[in-house]
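Computed over heavy atoms, backbone and side chain alike; hydrogens, waters and symmetry mates excluded.
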Amino acid sequence: MIKLPIINRIFPSYKSKIIAVIVTGVIVGGGVLFMYMLRAHTYLGDDPAACVNCHIMSPYYATWFHSSHARDATCNDCHVPHENAVKKWTFKGIDGMKHVAAFLTKSEPQVIQAHEASSQVIMNNCIRCHTQLNTEFVKTGKIDYMLSQVGEGKACWDCHRDVPHGGKNSLSTAPGAIVPLPESPVPEWLQKMIDNKE
(Lines give C-alpha, C1' and ligand atoms only; values in the text may rest on other atoms or scores of the structure.)
Protein backbone atom coordinates (compact mmCIF):
# COMPACT_ATOMS: atom_id res chain seq x y z
CA MET A 1 0.00 0.00 0.00
CA ILE A 2 1.24 3.49 -0.85
CA LYS A 3 2.11 5.65 2.14
CA LEU A 4 0.79 9.19 1.85
CA PRO A 5 1.78 11.03 5.05
CA ILE A 6 -0.26 14.18 4.32
CA ILE A 7 -3.45 12.21 3.76
CA ASN A 8 -2.76 10.09 6.86
CA ARG A 9 -2.37 13.27 8.93
CA ILE A 10 -5.61 14.82 7.60
CA PHE A 11 -7.60 11.58 7.74
CA PRO A 12 -5.99 9.45 10.45
CA SER A 13 -8.57 6.64 10.59
CA TYR A 14 -9.89 4.30 7.91
CA LYS A 15 -13.43 5.53 8.63
CA SER A 16 -12.49 9.20 8.02
CA LYS A 17 -10.86 8.24 4.69
CA ILE A 18 -14.03 6.42 3.56
CA ILE A 19 -16.18 9.42 4.55
CA ALA A 20 -13.82 11.77 2.66
CA VAL A 21 -14.04 9.59 -0.48
CA ILE A 22 -17.86 9.53 -0.28
CA VAL A 23 -18.14 13.30 0.29
CA THR A 24 -15.69 13.99 -2.56
CA GLY A 25 -17.67 11.65 -4.84
CA VAL A 26 -20.95 13.41 -4.01
CA ILE A 27 -19.43 16.87 -4.60
CA VAL A 28 -17.74 15.89 -7.89
CA GLY A 29 -20.80 13.91 -9.07
CA GLY A 30 -23.14 16.77 -8.13
CA GLY A 31 -20.90 19.24 -9.96
CA VAL A 32 -20.86 17.08 -13.10
CA LEU A 33 -24.66 16.67 -12.93
CA PHE A 34 -25.09 20.43 -12.42
CA MET A 35 -22.91 21.20 -15.46
CA TYR A 36 -24.85 18.62 -17.52
CA MET A 37 -28.21 20.09 -16.49
CA LEU A 38 -26.92 23.55 -17.49
CA ARG A 39 -25.94 22.04 -20.85
CA ALA A 40 -22.42 23.42 -20.36
CA HIS A 41 -21.07 20.85 -22.84
CA THR A 42 -23.02 22.46 -25.69
CA TYR A 43 -20.94 25.65 -25.39
CA LEU A 44 -17.76 23.77 -26.31
CA GLY A 45 -18.83 23.61 -29.97
CA ASP A 46 -19.96 26.13 -32.56
CA ASP A 47 -23.64 25.17 -32.82
CA PRO A 48 -25.74 28.38 -32.66
CA ALA A 49 -28.56 26.39 -31.06
CA ALA A 50 -26.46 26.35 -27.87
CA CYS A 51 -27.14 30.07 -27.52
CA VAL A 52 -30.86 29.47 -26.97
CA ASN A 53 -30.19 27.34 -23.90
CA CYS A 54 -30.97 30.69 -22.32
CA HIS A 55 -34.45 31.89 -23.36
CA ILE A 56 -33.42 35.54 -23.50
CA MET A 57 -31.33 34.78 -26.60
CA SER A 58 -34.35 33.58 -28.62
CA PRO A 59 -34.94 36.83 -30.56
CA TYR A 60 -31.24 37.09 -31.37
CA TYR A 61 -31.13 33.52 -32.64
CA ALA A 62 -34.32 33.98 -34.68
CA THR A 63 -33.17 37.21 -36.33
CA TRP A 64 -29.71 35.72 -37.09
CA PHE A 65 -31.35 32.58 -38.52
CA HIS A 66 -33.38 34.64 -40.98
CA SER A 67 -30.44 36.83 -42.02
CA SER A 68 -27.92 36.35 -44.79
CA HIS A 69 -25.27 35.61 -42.13
CA ALA A 70 -26.99 32.34 -41.17
CA ARG A 71 -25.63 30.70 -44.34
CA ASP A 72 -22.00 31.47 -43.59
CA ALA A 73 -21.48 32.49 -39.96
CA THR A 74 -22.22 31.04 -36.55
CA CYS A 75 -22.50 33.04 -33.33
CA ASN A 76 -18.85 32.27 -32.53
CA ASP A 77 -17.71 33.56 -35.91
CA CYS A 78 -18.85 37.04 -34.88
CA HIS A 79 -18.80 37.08 -31.09
CA VAL A 80 -15.44 35.54 -30.09
CA PRO A 81 -11.88 36.51 -31.05
CA HIS A 82 -10.10 34.40 -33.66
CA GLU A 83 -6.48 35.50 -33.17
CA ASN A 84 -5.58 32.33 -31.22
CA ALA A 85 -7.17 29.54 -29.20
CA VAL A 86 -6.19 30.94 -25.80
CA LYS A 87 -7.75 34.33 -26.52
CA LYS A 88 -10.87 32.68 -27.98
CA TRP A 89 -11.53 30.37 -25.02
CA THR A 90 -10.60 32.96 -22.40
CA PHE A 91 -12.97 35.52 -23.92
CA LYS A 92 -15.70 32.93 -24.40
CA GLY A 93 -15.39 31.76 -20.78
CA ILE A 94 -15.39 35.25 -19.26
CA ASP A 95 -18.25 36.44 -21.47
CA GLY A 96 -20.20 33.27 -20.73
CA MET A 97 -19.79 33.71 -16.98
CA LYS A 98 -21.07 37.28 -17.28
CA HIS A 99 -24.16 35.92 -19.04
CA VAL A 100 -24.62 33.24 -16.36
CA ALA A 101 -24.26 35.81 -13.56
CA ALA A 102 -26.80 38.14 -15.19
CA PHE A 103 -29.23 35.27 -15.72
CA LEU A 104 -28.90 33.86 -12.18
CA THR A 105 -29.31 37.29 -10.59
CA LYS A 106 -32.16 38.16 -12.97
CA SER A 107 -30.31 41.32 -13.98
CA GLU A 108 -30.28 40.78 -17.72
CA PRO A 109 -31.47 43.88 -19.56
CA GLN A 110 -34.60 43.83 -21.71
CA VAL A 111 -32.44 44.73 -24.71
CA ILE A 112 -29.00 43.13 -24.76
CA GLN A 113 -26.21 45.30 -26.12
CA ALA A 114 -22.57 44.42 -26.65
CA HIS A 115 -20.19 45.89 -24.09
CA GLU A 116 -16.97 47.57 -25.25
CA ALA A 117 -14.75 44.45 -25.33
CA SER A 118 -17.44 42.53 -27.18
CA SER A 119 -17.98 45.39 -29.64
CA GLN A 120 -14.27 45.39 -30.42
CA VAL A 121 -14.35 41.63 -31.09
CA ILE A 122 -17.43 41.94 -33.30
CA MET A 123 -15.93 44.73 -35.41
CA ASN A 124 -12.62 42.88 -35.76
CA ASN A 125 -14.58 39.88 -37.00
CA CYS A 126 -16.57 42.01 -39.47
CA ILE A 127 -13.27 43.22 -40.91
CA ARG A 128 -11.78 39.69 -40.84
CA CYS A 129 -14.66 38.17 -42.81
CA HIS A 130 -15.10 41.09 -45.20
CA THR A 131 -11.41 41.84 -45.72
CA GLN A 132 -11.51 42.60 -49.43
CA LEU A 133 -14.58 44.82 -49.10
CA ASN A 134 -13.14 46.66 -46.11
CA THR A 135 -9.63 47.21 -47.44
CA GLU A 136 -10.07 47.69 -51.18
CA PHE A 137 -13.48 49.25 -51.67
CA VAL A 138 -14.66 51.22 -48.64
CA LYS A 139 -11.41 51.45 -46.62
CA THR A 140 -13.19 51.01 -43.27
CA GLY A 141 -10.96 48.03 -42.51
CA LYS A 142 -8.10 50.47 -42.01
CA ILE A 143 -9.54 51.43 -38.60
CA ASP A 144 -10.56 49.39 -35.60
CA TYR A 145 -13.33 49.77 -33.05
CA MET A 146 -11.29 51.94 -30.67
CA LEU A 147 -10.53 54.45 -33.46
CA SER A 148 -14.25 54.62 -34.25
CA GLN A 149 -14.90 55.50 -30.61
CA VAL A 150 -12.67 58.58 -30.78
CA GLY A 151 -14.18 59.84 -34.03
CA GLU A 152 -11.54 58.53 -36.43
CA GLY A 153 -14.15 56.63 -38.45
CA LYS A 154 -17.30 54.62 -38.03
CA ALA A 155 -18.04 51.22 -36.53
CA CYS A 156 -19.47 48.75 -39.03
CA TRP A 157 -22.92 48.89 -37.42
CA ASP A 158 -23.11 52.66 -37.65
CA CYS A 159 -24.17 52.05 -41.27
CA HIS A 160 -25.26 48.41 -41.14
CA ARG A 161 -27.63 48.68 -38.18
CA ASP A 162 -29.82 45.74 -39.10
CA VAL A 163 -27.06 43.21 -39.84
CA PRO A 164 -27.54 40.44 -38.82
CA HIS A 165 -30.00 40.85 -35.94
CA GLY A 166 -32.45 43.32 -37.46
CA GLY A 167 -31.85 46.27 -35.13
CA LYS A 168 -32.87 46.36 -31.47
CA ASN A 169 -34.32 43.11 -30.19
CA SER A 170 -35.80 41.94 -26.94
CA LEU A 171 -38.13 39.22 -25.74
CA SER A 172 -41.04 41.65 -26.08
CA THR A 173 -40.22 42.56 -29.71
CA ALA A 174 -40.08 38.91 -30.78
CA PRO A 175 -42.34 37.04 -28.33
CA GLY A 176 -43.14 34.24 -30.78
CA ALA A 177 -39.59 33.66 -31.99
CA ILE A 178 -39.39 30.10 -33.26
CA VAL A 179 -36.07 28.68 -32.13
CA PRO A 180 -34.69 25.17 -31.58
CA LEU A 181 -35.50 24.90 -27.90
CA PRO A 182 -33.13 22.57 -26.06
CA GLU A 183 -34.27 19.06 -25.26
CA SER A 184 -34.86 18.09 -21.67
CA PRO A 185 -31.65 17.00 -19.96
CA VAL A 186 -33.61 14.31 -18.08
CA PRO A 187 -32.63 10.88 -19.49
CA GLU A 188 -35.42 9.10 -21.37
CA TRP A 189 -35.50 6.12 -18.95
CA LEU A 190 -35.97 8.48 -15.98
CA GLN A 191 -38.66 10.48 -17.79
CA LYS A 192 -40.58 7.22 -18.43
CA MET A 193 -40.35 6.33 -14.73
CA ILE A 194 -41.67 9.77 -13.77
CA ASP A 195 -44.50 9.57 -16.33
CA ASN A 196 -45.54 6.09 -15.15
CA LYS A 197 -45.85 7.22 -11.52
CA GLU A 198 -48.40 9.92 -12.39
Checklist entry - For Thr42, which residues count as a side chain to side chain donor-acceptor pair (under 3.5 Å) partner, sequence neighbours excluded? => result Asn53
Next on the checklist: Which heavy atom of Tyr61 sits nearest to which heavy atom of Val52, and what is that distance?
Outcome noted: CB-CG1, 3.4 Å
Next on the checklist: With a sphere of 6.0 Å drawn around OH of Tyr43, does it hold more than 12 non-hydrogen atoms of other residues, nucleotides or ligands?
Outcome noted: yes
Checklist outcome for this item: Separation between CD (Gln149) and NZ (Lys154), nearest 0.5 Å, reads 13.5 Å
Checklist entry - Among side-chain atoms of Gln191 and Asp195, is any donor-acceptor pair under 3.5 angstrom? => result yes
Checklist outcome for this item: Contacts of Ser119 meeting side chain to side chain contact (heavy atoms under 4.5 Å, CB included) (sequence neighbours excluded), chain-then-number -> Ala114, Tyr145, Trp157
Checklist entry - Considering only heavy atoms from C-beta outward, does the side chain of Val179 approach that of Met57 to under 4.5 Å? => result no
Item to check | Reported NE2-to-OG distance for the pair His79 and Ser118, which is rounded to 0.5 angstrom | outcome: 6.5 Å
Item to check | Contacts of Lys88 that satisfy side chain to side chain contact (heavy atoms under 4.5 Å, CB included) - sequence neighbours left out | outcome: Asp46, Val80
Checklist entry - When rounded to the nearest 0.5 angstrom, what is the spacing between CG in Leu104 and NE2 in His99? => result 13.0 Å
Item to check | Residue pairs fulfilling salt bridge (charged side-chain N to carboxylate O under 4.0 Å, His left out) with at least one residue in residues 58-85, sequence neighbours excluded | outcome: Glu83-Lys87
Checklist entry - What distance do Cys51 atom SG and Asn76 atom CG have between them, rounded to the nearest 0.5 Å? => result 7.0 Å
Next on the checklist: Holding to side chain to side chain contact (heavy atoms under 4.5 Å, CB included), I want the full list of residues that pass it with Ser16, two or more places apart in sequence or in another chain.
Outcome noted: Phe11, Pro12, Ser13
Next on the checklist: Going by the rule side chain to side chain contact (heavy atoms under 4.5 Å, CB included), which residues pair with Leu44 if we only count those two or more places apart in sequence or in a different chain?
Outcome noted: Trp89
